[in-house]
Amino acid sequence: MTGAGTGELRAHAVSVVVDGRALVADVDLTVSPGEVVALVGPNGAGKSTLLRTFYRARRPTSGRVTLDGEDIWGMNGRRLARGLAAVLQDAPGEFELTVYDVVAMGRTPYKRPFEGDGEQDRGIVHRALAELDVAGLARAPFDRLSGGERQRVLIARALAQEAGTMVLDEPTNHLDLRHQLDVLRLLRRIGVTALVALHDLNLASAFCDRVCVMDGGRVVADGAPSEVLTADLLAEVYRVRAVVDPHPRTGAPQVSVLPDEMG
Ligand code: ADP
Ligand code: MG
């Protein structure tokens, strides 16, 4: 895949203020080339808002976002799209397109206006469909798919974009266990630089190099899963009691949330 392992993504003191309220407050975050970083935190922590600033859907009120050192707001759309692909949460489903067409949209930044699919593009689209286990749905209308199937198609589109860096907002939402693992294994296998919002802390622990925790718009912890995922942090940030043990086979921290109420 072109660009794999390149694409340092960085937020420099990024804040997003709406009506006087900081949804994202002074966030510094670096995803180094080839790293897969989990972005976790309770609902409303500001994860999606921060991710939007990375794929240029929202301009920071202050601070900068850079890809390989270059401010993304200074890049033209095609060049940014070749470097960075986004998989969004609850993407609109009213496309009157087939699954194939949706995935083929990933090739747009490589084409001249009105240029059709070349053989190479078709090969890339077919590989992406197969990778996400949706080749059998290629001719199906996108808006008839289940939530999980749609999610996989949108990830296939990002894959077909062949960007070295991906930003994914809860890509495992709606996915069954097998397909959740497939998505994270895929990110690791292709060597993409990725920032991925996840709710499942055990998936974050098993697959990510680092876990970055947001709460109230701020980054409150950022480090290796074993440094960050502690019972104290879970109590503080999520207000739950939990036991954290090493996974019996991999040694990665495993979070077991206890049913008890916090005192
Ligand atoms: P997360 O993805 O971590 O659940 P979000 O980034 O979606 O959090 O939201 C963070 C906070 O910002 C929430 O309280 C949400 O209601 C608020 N919020 C999100 N978008 C807007 C907006 N456009 N205008 C005002 N408030 C917003
Ligand atoms: Mg969100």
Side-chain angles (χ1 to χ4, degrees), residues 1 4 34-41 43 47-48 51 85-91 93 95 97-106 123-163 165-211 225-226 229 242-257:
M1 141 166 207
E35 262 190 329
V36 175
V37 175
L39 186 62
V40 309
N43 296 140
K47 303 178 298 292
S48 294
L51 292 181
V87 176
L88 316 187
Q89 209 177 1
D90 305 322
F95 302 111
L97 294 173
T98 65
V99 164
Y100 180 94
D101 293 335
V102 171
V103 176
M105 284 163 58
I124 290 166
V125 171
H126 282 296
R127 274 203 299 283
L129 288 164
E131 222 31 292
L132 273 302
D133 197 19
V134 287
L137 297 171
R139 290 161 192 266
F142 178 77
D143 53 13
R144 297 235 191 106
L145 304 184
S146 76
E149 289 165 344
R150 259 184 218 198
Q151 190 69 6
R152 277 147 54 209
V153 171
L154 295 173
I155 297 166
R157 179 176 68 180
L159 190 61
Q161 203 172 318
E162 293 194 309
T165 303
M166 280 194 203
V167 171
L168 306 99
D169 198 352
E170 298 186 23
T172 54
N173 249 7
H174 310 297
L175 298 192
D176 61 48
L177 282 175
R178 167 62 193 271
H179 287 114
Q180 292 181 27
L181 292 177
D182 280 349
V183 166
L184 288 154
R185 281 195 289 244
L186 172 73
L187 294 179
R188 295 264 52 149
R189 187 171 75 245
I190 65 180
V192 71
T193 306
L195 179 60
V196 47
L198 288 175
H199 272 301
D200 186 329
L201 300 176
N202 290 324
L203 275 182
S205 170
F207 288 97
C208 298
D209 299 298
R210 269 169 42 222
V211 177
S226 59
L229 298 175
V243 174
V244 183
D245 285 317
H247 186 284
R249 189 160 62 75
T250 66
Q254 283 290 293
V255 174
S256 307
V257 175

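Taking both residues in full, the closest heavy atoms of Ala197 and Pro171 are given as O-CD, 3.4 Å, listed atom of the first, atom of the second, then distance. Counting all heavy atoms, side chain and backbone alike, Leu51 lies closest to Leu168 at CD1-O, 3.7 Å. For Val192 against Ala163, the heavy-atom pair with the smallest separation is CG2-O, 3.8 Å. In terms of heavy atoms, Leu159 sits closest to Ala128 at CD2-CA, 3.9 Å. Counting all heavy atoms, side chain and backbone alike, Arg139 lies closest to Thr98 at O-CG2, 3.8 Å. Nearest heavy atoms, Ile190 versus Met166: CD1-CE, 4.3 Å.
Side-chain atoms of Asp169 never come within 3.5 Å of backbone atoms of Ser48 as a donor-acceptor pair (strictly under, hydrogens ignored). With Asn202 contributing its side chain and Val255 its backbone, the two residues share a donor-acceptor pair below 3.5 Å. Panel note: side chain Ser205, backbone Pro253; a donor-acceptor pair is recorded below 3.5 Å. Within the 3.5 Å criterion, the main-chain N or O of Asp182 finds no donor-acceptor partner in the side chain of His179. In this structure, Arg188 contributes its side chain and Phe207 its backbone to a donor-acceptor pair below 3.5 Å. Remark: side-chain polar atoms of Gln180 are paired, donor with acceptor, to backbone N or O of Leu175 under 3.5 angstrom. Looking only at distances, no side-chain donor or acceptor of Arg210 sits under 3.5 Å from a matching main-chain atom of Val37. Within the 3.5 Å criterion, the main-chain N or O of Gly34 finds a donor-acceptor partner in the side chain of Thr193. Without hydrogens or angle criteria, Arg150 side chain to Asp143 main chain gives a donor-acceptor distance under 3.5 Å.
Distance check, rounded to the nearest 0.5 Å: CG of Leu184 to CG of Asp200 gives 9.0 Å. Note: Leu229 CG to Gln254 CD = 10.0 Å, rounded to the nearest 0.5 Å. The structure places CD of Glu149 at 9.5 Å from CG of Asp133, a figure rounded to the nearest 0.5 Å. We find the OG1-NE2 distance between Thr172 and His174 to be 10.0 Å, quoted to the nearest 0.5 Å. Separation of atoms CG (Leu203) and SG (Cys208) is listed at 8.0 Å; rounding is to 0.5 Å.
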Given the rule in the side-chain contact (heavy atoms from CB on, under 4.5 Å) test, do Leu129 and Tyr100 qualify, once you have shown the distances and angles that lead to the verdict?
-> CA-CA 8 Å; Leu129 288 164; Tyr100 180 94; 3.9 Å; yes

Apply side-chain contact (heavy atoms from CB on, under 4.5 Å) to the pair Val87 and Val167, showing each step before the final yes or no.
-> CA-CA 6 Å; Val87 176; Val167 171; over 6 Å; no

Carefully, step by step, assess Lys47 and His199 under the rule side-chain contact (heavy atoms from CB on, under 4.5 Å).
-> CA-CA 11 Å; Lys47 303 178 298 292; His199 272 301; 4.2 Å; yes

How far apart are the C-alpha atoms of Arg157 and Asp101, what are their side-chain angles, what is the distance that settles it, and do they pass the salt bridge (Lys or Arg N to Asp or Glu O under 4.0 Å) test?
-> CA-CA 9 Å; Arg157 179 176 68 180; Asp101 293 335; over 6 Å; no

Check against side-chain contact (heavy atoms from CB on, under 4.5 Å), Val103 and Leu154 | CA-CA 7 Å; Val103 176; Leu154 295 173; over 6 Å; no

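Salt-bridge annotation for Glu131 and Arg189: present, with a side-chain N of the basic residue lying under 4.0 Å from a carboxylate O of the acidic one.
A heavy-atom distance below 4.5 Å is found between the side chains of Leu132 and Leu186. The side-chain heavy atoms of Val40 and Leu201, taken from C-beta on, include a pair separated by under 4.5 Å.
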